Amino acid sequence: MFALADCNNFYASCERLFAPHLEGRPVVVLSNNDGCVIARSNEAKAIGIPMGAPYFQIEKLIRRHGVVVFSSNYTLYGDLSRRVMAVLAGFAPRYEVYSIDECFLDLFALPFDLTDYSLRIVRTVKQWTGIPVSIGIAPTKTLAKLANRLAKKGQSPAGAVLDWSRLLSPEQALASIPVEDIWGIASRSGARLRELGITNALALRDADPKRLRSIFGVVMERIVLELRGTSCLSLEIAPPPQKQIMVSRSFGDRLSAQDDLRAAVASFAARACEKLRSRRLHAQALSVFLQTSPFDTSRPGYANSLTIPLEAPSQDSHLLIGLALRGLERLYLPGYAYQKAGVLLLDLVPSGVQQGSLFAPSGADTVRSASLMAVIDRINHSFGRQALRFGSEAVSAQWRMRALLKSPAYTTRWAELPRVRAT
DNA sequence: TCTGGGGTCCTAGGACCC
DNA sequence: TCTGGGGTCCTAGGACCC
C-alpha cells in the first residue's frame, strides 16, 4: 500500500505559520519576480483565483477581496519542507520524498489500521511543524494521488485521510475525476483523450491499454494499469543521480546592455557551480541561453542557446563562468529587450570518478582548483552567500528580481527570528 | 508595464557500427 | 535488374511534474 502525504496549500501554509492572524483569510504566494500565482489558500481558491494567473491580471480581484499576497520565500519553504519530511520519515520503514511538499510512504505490512495510523501522522505533523497535510492510501501511486485529491476536497468521512480500498463506490469516485486531473495527464494528452471520448478517470481505466500505448506511448499504458490497481511505479527510496543543474531567472526589468547580461550570466554560472560542488558532482558540458519575452508580440523576439563541451569534467567556477560568458558573447545580439537568461550544467558525473582528458593538463591544477573552490565555499557558508564572489558577477545588478512582498527568513537567519511575547 | 524555476522521461529519426 | 540484419548512440522536441 502506498500512502501519499501532501501538504495542504504548502507555500500559503508556510506563510501563515508565522502570521497566524492570516488564518481564515485568503492568501496567495507569487512566483519569482512576483510574476504568477503559484500557491493559494482555500479561501483564495474559493474567490476564484486560478493557479498560474499572472499577478497583474488579477490585481483588481485581489484588492477587492483583501487577499494577502506574498513574494516567494524558498528559503523558508525549503526549511519547513525538511522538517515535515523528517517527521514523516519516522512513520514508515521506507519512504520517497517526491517533491517539496509530497512524500510517498510505504505502509505495506504495517500491523495497524491504516486510516487510524494516517490520522495520527496528520496530527503529529501538524503539532510538530504547524503544517497541515492530507494523506491518500491506495495500492498504486496513481490511485494514492487520486485518494489524496479526494481527501483534500472533503470527500472522506475520515477527514484528512482517504483509503481507496474503503470507498463504497470506486467507480463513482473515478467517474467524478476529469481526465486532466490524473497524475501524468495534462492539457495536451487530456484534449486528445477527450477526442477519443475518454473524459474521466473511469473511462480511462476501462480503455484498452495496448491501444492507448500505440497512440500515446508507454506512459499512458502505465497510467491505465495503475488505475486498475496494477502497480507500475515503484517507491524510489534513493534518488537517481542528477543529470543536470539549471540556474535561470527572469529579470526585474528588461535588459539590453551586454554588460548587464554578462553580470547576470556570471552570477547564474557561479550559483550553478555552488550547487554542483555541494552535490559532489562535476560537469562535462555547459549550456547558456537567453531570450526576449515570449508574451511581447509588439516587437521582434529572439531566443537562442549554445552548448559547450568541456575538455575535462570540472567544478571550477572560474573556468565555467568564463565559458558561460564566452557563450553569451556568441549569442548576444544588440537591440533586443532581453527578459531572461540561464546557465545549465550538463553530463554530470560524481566527483572523484571522472574520466580524465588525454589532452587537458591535469594534476597540480585540479588540486589547486579544488582547494580554492573549497575555501570559497567555506567562507560563503560562514559569512553568507556572496560574501566572496567573482568580479564578473559584480559588474551590474540591473538584472535583480522583483520581490516586493517577501516574508522574513524566519527559521534560517538569526536576525529574522520571529519574536513571541507573553502577556 | 507587468506572465517562474528546475527538473525528468519518452520517442522518432539520423548516423553509425559490424 | 539485382543491394541484409541487428544493433547502439545521440539529439531535438514534446509532454509532463511540482
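In what follows, chains are A, B, ... by sequence order, proteins preceding strands, each numbered from 1. Excluded from the calculations below are hydrogen atoms, water molecules and symmetry mates; all remaining heavy atoms, backbone and side chain alike, are included. Just so it is clear, the model here is predicted, and its values are computed rather than measured.
At a threshold of 4.0 angstrom between heavy atoms, the contacts of A:Leu404 with the nucleic acid are absent. Note on A:Glu59: nothing from the nucleic acid sits closer than 4.0 angstrom, heavy atoms only. Looking at heavy-atom distances under 4.0 Å, A:Ile185 makes contact with sugar-phosphate atoms alone, never a base. A:Asp34 comes within 4.0 angstrom of no nucleic acid atom, judged by non-hydrogen atoms across all strands.
A heavy atom lying under 4.0 Å from DNA chain B marks the following residues of residues 39-58 of chain A, by number: A:Pro54, A:Phe56, A:Gln57. Taking a 4.0 Å limit (strictly below) on heavy-atom distances, residues 233-243 of chain A reaches DNA chain B at A:Gln242, A:Lys243. Residues from residues 199-227 of chain A with heavy atoms under 4.0 angstrom of DNA chain C: there are none. Proximity of residues 296-303 of chain A to DNA chain C (heavy atom under 4.0 angstrom from any strand atom) is not detected for any residue. Listed by residue number, the members of residues 250-273 of chain A with any heavy atom below 4.0 angstrom from DNA chain B are A:Ser250, A:Arg254.
The side chain to side chain contact (heavy atoms under 4.5 Å, CB included) search around A:Ser392 returns A:Ala266, A:Ile321, A:Leu325, A:Phe390, not counting sequence neighbours. Partners of A:Glu221 under the side-chain hydrogen bond (donor to acceptor under 3.5 Å, both in side chains) rule, at least two apart in sequence or in another chain, are A:Lys210, A:Arg213. Not counting sequence neighbours, the partners of A:Ser71 by the side chain to side chain contact (heavy atoms under 4.5 Å, CB included) test are A:Asp34, A:Ala403, A:Leu405, A:Lys406. The side chain to side chain contact (heavy atoms under 4.5 Å, CB included) search around A:Ala138 returns A:Leu143, A:Ala144, A:Trp164, not counting sequence neighbours.
By the 4.5 Å heavy-atom criterion applied to side chains, A:Phe18 and A:Pro408 are not counted as neighbours. Side-chain contact between A:Leu227 and A:Leu146: present, with at least one pair of heavy atoms (C-beta onward) separated by less than 4.5 Å.
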### Message
Evaluate A:Arg385 against A:Arg271 for side-chain contact (heavy atoms from CB on, under 4.5 Å), listing each step before the verdict.
### Response
CA-CA 10 Å; A:Arg385 188 178 289 172; A:Arg271 180 71 193 116; 3.1 Å; yes

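Summarising the geometry, the separation between CZ on A:Arg279 and P on B:dG6 is reported as 10 Å, rounded to the nearest angstrom. In this structure, CD of A:Gln339 is placed 16 Å from P of B:dT1, rounded to the nearest angstrom. Rounded to whole Å, the distance from CG on A:Asn33 to P on B:dG5 is 7 Å. Distance CZ (A:Phe289) to P (B:dG6): 8 Å, rounded to an integer number of Å. Distance A:Trp183 CH2 to C:dC16 C1': 11 Å, rounded to the nearest Å.
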Can you give me the N/O atom pairs linking the protein to nucleotides 10-12 of chain C at distances under 3.5 Å, or say none if there are none?
none

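Side-chain contact, A:Asp79 with A:Thr412: no donor N or O sits under 3.5 Å from an acceptor N or O. With 3.5 Å as the limit, one finds a donor-acceptor pair spanning the side chains of A:Ser396 and A:Asp260. Side-chain polar atoms of A:Tyr77 and A:Glu15 form a donor-acceptor pair below 3.5 angstrom. For A:Ser134 and A:Asn8, the side-chain atoms include at least one donor-acceptor pair closer than 3.5 Å.
OP1 or OP2 of B:dG5 lies within a sub-4.0 Å distance of a side-chain N or O belonging to A:Lys340. Between A:Lys145 and C:dC18, a side-chain N or O to OP1/OP2 separation shorter than 4.0 Å is present. Between A:Arg188 and the phosphate of C:dC17, there is no side-chain N or O to OP1/OP2 separation shorter than 4.0 Å. The phosphate of C:dC16 has OP1 or OP2 within less than 4.0 Å of a side-chain N or O from A:Ser189.
Paired runs in DNA chain C that reach 3 or more consecutive Watson-Crick or G-U pairs, where each pair keeps both distances under 3.5 Å, cover B:5-18 with C:5-18.
Salt bridge status for A:Lys145 with A:Glu226: absent, with no side-chain N to carboxylate O gap under 4.0 Å. With respect to the salt-bridge test (charged N to carboxylate O, under 4.0 angstrom), the residues A:Arg25 and A:Glu43 do not qualify. Here A:Asp6 pairs with A:Lys152 in a salt bridge; the nearest charged N to carboxylate O distance falls below 4.0 Å.
You'll find that the side chain of A:Asn32 is closest to B:dG5, out of B:dG7, B:dG5, C:dC18. Distance from the side chain of A:Ser31 is smallest to B:dG4 among B:dG5, B:dG4, C:dC16. Closest to the side chain of A:Tyr98, out of C:dC18, B:dT8, B:dG4, is C:dC18.
Residue pairs meeting the ring pair (Phe, Tyr, Trp, His ring centres under 6.0 Å) criterion with at least one member in residues 238-277 of chain A, sequence neighbours excluded: A:Phe268-A:Trp399.
Residue A:Ser293 is the one, among A:Ser293 and A:Val247, whose nearest nucleotide of DNA chain B lies closer to the 5' end (criterion: closest heavy atom). For the pair A:Gln244 and A:Cys36, nearest-nucleotide mapping onto DNA chain B gives the more 5' position to A:Cys36.
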